[in-house]
Amino acid sequence: MKSVLNYFNIYRNFVSCSLTEELSFRLNFFLLLVVDAIFTLSALGTTFILFDHIPALGNWNRDQLQFFLVFMLIIDDFQGLVLSSNFWMLSTDLKAGNLDFTFLKPIHSFLPMFFRYLRPSSVISLVIDIALLFYFADKLHFTYVDYIALPFLLFLSVCLRFILEMAIALLMFWTTEGVGINFIRLQLQSLSRWPDLIYRGIAKKVLMTLLPVLLVGSAPMHFLFDHSKWHYILWLIVAVVVFAFILHLSWEKARIRYESASS
Amino acid sequence: MSNFKKWLETIRIGWSMVTAYRLNFFLLIIGPALVFYFIKVSLWSAVYTDKDMLINGYSLPQMLHYHAWALIVVLMAQSSNGVNLGEDIRFGRMSKYLIYPFNFWEFHTASFISFQTIQFVIAIFTLALLCFSDLVSLPSFSNLMIAFAYTSLVGIFWFSVQYTTGLLAFWLEETWTMRVMFQLLVNFLSGSIIPISFFPAWAQNYLQYTPFPSLTYTPINLFMGQMQGLHQGLITITISIVAMFFINTYIWRRGLRLFTAAGM
């Protein structure tokens, strides 16, 4: 219990520092909001234009695709809020040898390595995207069961996204130059922002199993749009557990691999 | 003549730097363009439910041709970024250019030329692969040359914008937000994902007064052998480059007054 409280206090300080830092550069804070707004508008705009010319994408209509997009935007917001900045810092810290200090701290290194820097501006786009999610859920006539399942599904998707991205980020311990690895993460995010129904063949199989980035958004949608497809949720849970285990193993290997750049 | 040697040497150093970190170059520059292309091919293949289907005048093969040419345009014209430029200012590395006989603009422009020549070779190689795979059909030789020349001009405009956003580091803590903002707008409004002719009429009307269609939609059409839009595109891009030049000069002069470098 004391240990949990200790971790909680450390994280509270991380939040406080990040908030102070971000609000010190107000123009930057404002620009981050504008980037998020343009991202949301361009994603929704693309589907608006597309569906002006087609009745459906696979068996999904416009509202279903837009619900999916907003669901993915929320996951992006959570990631932007909690994780994203840390991946870029990890790349720099590995090269500069700053991780020495992280490893020496009497806490699990994951906390300062992946959760040290937050991006509080994402909270604003998160609130807007949650409002949009409810708007599209209402258009799709969601039942109470759907509304109750939604936070649980969102939690599972966020967990899978976080675990996958942290596992990929650990590859930086092998490559040392981490910017390329960060770009791999970004490309996998781009792939997952479209539903699995647009992909075919080996690509789809790989992106649903070996590197299940498509499960993050598509699995909850398949269940919400058709409750008989509950196996997708089971698949999502299995993926979370399996990749959490892979992350644990990768971390053990990465730690051994680490060579201090400062020594 | 001595200045010409400096340009050549900087271009040569630029080649060495890019080819020294090949994996990084692939992951940063070529990878995103290929993934973007893969997503668009997957999306449009799913949109067209049968082979004979026409959407807004495009059949599936025509749409795939359109996006194959979009890949070439992106590789040739929209890959450079001003990351180093912004960092040079932010971290005070810019000081050395103030005393070197080869100034800041010259160095970054030479680096851009070096990068652009490599991108040109990659684009030609990609085009050859696409031709062999029957994913694109080449227009007449003269049209192809016009399209290449126009796309190179777009590349210069792209660099001008990247240079401007980099210079904003005199005032901004981070300049990546400006770059990402521009990239998002271009992806959406230039016809990278959906051809401009799919946009509602009112949006098309507004867009013709912006440089966005000239950045992707016009060069793709040129590569596909359609010359309409060439004159308007040429005028728009040329005016935009000249405007960016004056804006850059103004920002540079204002920014230099703010610049301080510690520990020199």
Side-chain angles (χ1 to χ4, degrees), chain A residues 21-22 24-58 60 85 88 121 175 177-201 203-204 207, chain B residues 20-36 38-49 53-58 83 165 168 171-189 191-201 203-204:
Chain A
E21 198 177 333
E22 198 158 292
S24 308
F25 302 102
R26 270 169 233 173
L27 180 59
N28 219 50
F29 182 83
F30 172 73
L31 288 174
L32 286 170
L33 294 180
V34 177
V35 168
D36 286 340
I38 293 175
F39 191 64
T40 304
L41 288 175
S42 64
L44 292 175
T46 301
T47 52
F48 262 112
I49 295 166
L50 192 64
F51 274 91
D52 269 349
H53 301 276
I54 55 168
L57 181 63
W60 286 12
S85 313
W88 298 98
S121 62
T175 60
E177 173 55 68
V179 182
I181 300 295
N182 275 324
F183 268 71
I184 294 180
R185 282 191 314 100
L186 295 179
Q187 298 324 306
L188 290 171
Q189 282 177 27
S190 304
L191 288 166
S192 70
R193 284 194 196 104
W194 289 95
D196 65 330
L197 52 91
I198 73 159
Y199 300 105
R200 288 192 187 125
K204 183 172 178 174
L207 296 172
Chain B
Y21 301 101
R22 273 167 289 218
L23 178 64
N24 232 35
F25 178 72
F26 178 81
L27 294 174
L28 262 66
I29 310 294
I30 306 170
L34 290 178
V35 171
F36 194 36
F38 172 71
I39 291 171
K40 288 188 291 185
V41 168
S42 303
L43 172 67
W44 287 104
S45 301
V47 164
Y48 283 85
T49 44
M53 190 175 169
L54 279 179
I55 302 176
N56 207 33
Y58 282 83
V83 179
T165 52
L168 292 176
W171 291 270
L172 296 174
E173 173 67 6
E174 296 281 0
T175 55
W176 68 264
T177 43
M178 302 297 290
R179 279 200 311 277
V180 170
M181 219 182 282
F182 182 66
Q183 183 81 55
L184 287 171
L185 285 172
V186 169
N187 281 348
F188 179 47
L189 300 174
S192 266
I193 305 169
I194 300 177
I196 301 284
S197 58
F198 278 61
F199 283 52
Q204 289 185 45

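Only this structure's heavy atoms are used, side chains among them; waters, hydrogens and symmetry mates stay out. Reminder, nothing fancy here: chain letters follow the sequence lines and each chain counts from 1.
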Choice from Lys204(A), His53(A), Arg200(A) maximising heavy atom contacts with chain B below 4.5 Å
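With the most close heavy-atom pairs to chain B, the winner is His53(A).
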Would you mind checking which part of [X] comes under 4.5 Å of any heavy atom in chain A, side chain (CB onward), backbone (N, CA, C, O), both or neither?
X: Phe38(B); answer: side chain
X: Ile194(B); answer: side chain
X: Pro200(B); answer: side chain
X: Trp171(B); answer: neither
X: Leu43(B); answer: both
X: Val180(B); answer: side chain

Say whether, by atom type as modelled, one donor and one acceptor occur between the side chain of [X] and the main chain of [Y] under 3.5 angstrom.
X: Tyr48(B); Y: Leu54(B); value: no
X: Gln204(B); Y: Phe199(B); value: yes
X: Glu174(B); Y: Asn28(A); value: no

Chain B contact via [X] - side chain, backbone, both or neither, heavy atoms under 4.5 Å:
X: Phe39(A); result: both
X: Leu186(A); result: neither
X: Ile184(A); result: side chain
X: Leu31(A); result: both

Trp176(B) vs Thr165(B), test: side chain to side chain contact (heavy atoms under 4.5 Å, CB included). Steps then yes/no.
CA-CA 8 Å; Trp176(B) 68 264; Thr165(B) 52; over 6 Å; no
According to the interplanar angle, ranging from 0 to 90°, do the rings of Trp44(B) and Phe198(B) count as parallel (below 30°), tilted (30 to 60°) or perpendicular (above 60°)?
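It falls in the perpendicular class, over 60°.
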Go through the steps for Tyr199(A) and Ile39(B) under the test side chain to side chain contact (heavy atoms under 4.5 Å, CB included), then give the verdict.
CA-CA 8 Å; Tyr199(A) 300 105; Ile39(B) 291 171; 3.9 Å; yes
If we ignore angles and hydrogens, is there a donor and acceptor under 3.5 Å between the side chains of Ser121(A) and Glu22(A)?
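Indeed, the side chains of Ser121(A) and Glu22(A) share at least one donor-acceptor pair under 3.5 Å.
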Give a yes-or-no answer on whether the side chains of Arg193(A) and Gln189(A) include a donor-acceptor pair shorter than 3.5 Å.
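The answer is yes; a qualifying pair exists.
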